[in-house]
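The sequence lines fix the lettering, A, B, ..., with proteins before strands; numbering per chain opens at 1. Computed from a prediction, not measured in an experiment: that's the story for all the values here.
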Number of protein chains: 2
Amino acid sequence: MSIPIYLQIKEKIIEMISELPANSPVPSERDLAVIYSASRMTVRKAIDALVDEGYLYRNSNKGTFVADEVLRKKNTTLDEKSIEREITYKSIYFDVKASSSDEVQSYLNISGEDSVVRMIRLCLADERPQSIEEIYIKRLDLDDDEFRNLPKTRDFNDFIIQGSLTQRFVPTLVPMQYAHMLELKINEPIIMVENIINRKSGAPFIYMKVFNNPKEKVIEITS
Amino acid sequence: MSIPIYLQIKEKIIEMISELPANSPVPSERDLAVIYSASRMTVRKAIDALVDEGYLYRNSNKGTFVADEVLRKKNTTLDEKSIEREITYKSIYFDVKASSSDEVQSYLNISGEDSVVRMIRLCLADERPQSIEEIYIKRLDLDDDEFRNLPKTRDFNDFIIQGSLTQRFVPTLVPMQYAHMLELKINEPIIMVENIINRKSGAPFIYMKVFNNPKEKVIEITS
DNA sequence: TAGTGGTCTAGACCACGAC
DNA sequence: TCGTGGTCTAGACCACTAG
């Protein structure tokens with residue numbers, strides 16, 4: 001099996017605690033090492049990950065305990081997957097142009113001659129409008145395969161794993177051209193999230209503006 | 001010295017890379033172990049932390065490299081410290097009452113008979129209004145010492161370390177009673193951040209509503 | 001005193017990439 | 001083939017807490 005032992009143990013621990021109430025103690029690291037026939041350091045690595053994700057918490061010299069579910073780390077800003085709703089996208093624009101706005105040029109660190117893919121789409125969950133996404137990517141940063149698959153791309157998490165995400169939260173009034181698509185009144189206050197996905201090297205890769213429908217989508221982060 | 005070796009090594013590595021350009025390679029884990037006279041696992045723990053914080057990135061089978069500064073993890077939602085500005089607070093209300101709103105009761109999971117400390121204050125940086133903070137804490141959750149120091153408490157990070165923080169971002173128009181204090185026009189869209197600090201056990205501890213001045217304070221997260 | 005988490009060591013093997 | 005990060009082991013000592 002090529003899945004690392006500590007990840008297997010992590011899954012087993014999740015299963016073990018799944019029916020325990022909050023604040024129940026879990027076996028000590030030494031005991032778990034015996035239970036799973038692994039070294040203590042390996043078990044510890046699994047627990048480290050679970051603590052990090054908010055499944056468990058440690059009390060020095062006392063033990064490790066099941067955390068309350070409310071403490072599970074989550075970041076719903078880019079994820080809609082966890083919830084069992086049918087997510088669909090309705091494309092509004094998809095084009096490649098050399099003349100991008102100064103804003104896009106500055107965020108993607110490009111000149112006015114570079115071709116930029118622009119994709120604007122409405123995101124729906126169970127037919128209800130969640131947000132409008134404006135996505136900008138430098139054409140040369142995509143190989144032909146990625147470019148072809150772009151209209152089918154649902155979320156951009158795969159791109160983020162390879163780099164880093166900076167999000168800026170901007171209060172604004174819903175833009176007039178989007179108000180009716182989001183089923184909002186004009187002058188409704190909303191949050192526009194500016195997402196900048198960088199590569200590991202730091203080079204900007206994707207610039208994305210998300211206009212969120214506050215009636216549908218709550219932006220919540222647990223850390 | 002009681003500071004763990006891996007933290008000492010972490011600081012030494014930060015110092016080592018502080019003048020290196022982005023994407024420079026750092027010595028291999030084995031070399032660093034020799035340089036700092038520690039085991040590879042200890043060095044690795046230091047690097048793990050630095051990768052987590054966005055100082056370094058790894059390329060499997062190739063090496064470890066200095067990350068671009070833009071990738072440093074940051075969360076300016078509750079922190080104002082990093083920037084060299086003089087932060088001051090102007091107290092608007094400070095009282096203890098048994099009759100709290102349903103909203104506060106529900107977030108703090110208390111009944112109408114429980115006394116709640118309410119603290120409303122204006123946060124300024126270099127005399128410029130940054131935000132209004134409404135803070136609610138169940139009186140019984142504070143010992144007398146903590147209660148006395150409350151008016152002097154600047155940020156609540158110390159409380160978070162012992163638990164977890166959930167933040168909800170709510171778009172709204174600036175409340176009339178706060179508009180002039182934040183030097184905003186009426187009907188200005190702003191972001192109100194609801195902060196709920198939980199203890200490790202999951203019990204809610206502090207409920208805090210922050211009305212941010214968008215002209216002064218940009219909410220930005222790198223992850 | 002016994003048990004816990006926190007740290008640390010000095011090895012080991014693997015898969016992968018570059019040469 | 002050699003060096004890298006990724007994983008893993010079987011020990012060890014410490015500070016602290018609870019009985």
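Candidate nucleotides C:dT7, D:dG6, D:dC8 were compared by shortest atom distance to the side chain of B:Glu29, and D:dG6 ranks first. Residue B:Lys62 has its side chain nearest to C:dA18 when only C:dT4, C:dC8, C:dA18 are considered. With C:dG17, C:dG5, D:dG6 as the candidates, the nucleotide lying closest to the side chain of A:Arg58 is C:dG5. The side chain of B:Met41 has D:dT9 as its nearest neighbour among C:dG17, D:dT9, C:dT4. Taking every side-chain heavy atom of B:Tyr6 into account, C:dC8 is the closest of D:dT4, C:dC8, D:dT7.
For the pair B:Lys209/B:Glu133, no side-chain contact is recorded, criterion being any heavy-atom separation below 4.5 Å from C-beta on. At a threshold of 4.5 Å between non-hydrogen side-chain atoms, the residues A:Asn195 and A:Val210 count as touching. Taking the side chain as every heavy atom from C-beta outward, A:Met119 and A:Tyr93 never approach each other to under 4.5 Å.
The distance from atom CG of A:Asp31 to atom C1' of C:dG3 is 10 Å, rounded to the nearest whole Å. Regarding A:Ile5, its CD1 atom lies at a distance of 12 Å from the C1' atom of C:dC13, rounded to whole Å. Between the CG atom of A:Leu32 and the C1' atom of C:dT4 there is a distance of 12 Å, rounded to whole Å. Atom CG in B:Leu56 sits about 15 Å away from atom C1' in D:dT4, given to the nearest Å. The CG atom of A:Leu7 sits 10 Å away from the C1' atom of D:dT7 (whole-angstrom rounding). Rounded to whole Å, atom C1' of D:dG3 lies 12 Å from atom CZ of B:Phe65. Taking atom CD of residue B:Gln8 and atom C1' of nucleotide C:dT7, one finds them 12 Å apart after rounding to whole Å. Summarising the geometry, the separation between CD1 on B:Ile3 and P on D:dA15 is reported as 15 Å, rounded to the nearest angstrom.
Not one N or O on the side chain of B:Asn109 forms a donor-acceptor pair closer than 3.5 Å with the backbone of B:Ser106.
Each of B:Arg30 and B:Ser39 was matched to the nucleotide of DNA chain C holding its nearest heavy atom; the match closer to the 5' end belongs to B:Ser39. Both B:Asn61 and A:Ser60 lie near DNA chain D, and the one whose nearest nucleotide falls closer to the 5' end is B:Asn61.
Note on B:Thr64: a side-chain N or O is less than 4.0 Å away from OP1 or OP2 of D:dG5. Note on B:Thr42: every side-chain N or O is 4.0 Å or more away from OP1 and OP2 of C:dT7. Note on B:Ser28: every side-chain N or O is 4.0 Å or more away from OP1 and OP2 of D:dG3.
With a cut-off of 3.5 Å on both pairing distances, the Watson-Crick or G-U wobble partner of C:dT7 is D:dA12.
A cation-pi geometry, defined here as NZ or CZ lying under 6.0 Å from the six-membered ring centre and within 45° of its normal, does not hold between A:Arg118 and A:Tyr136.
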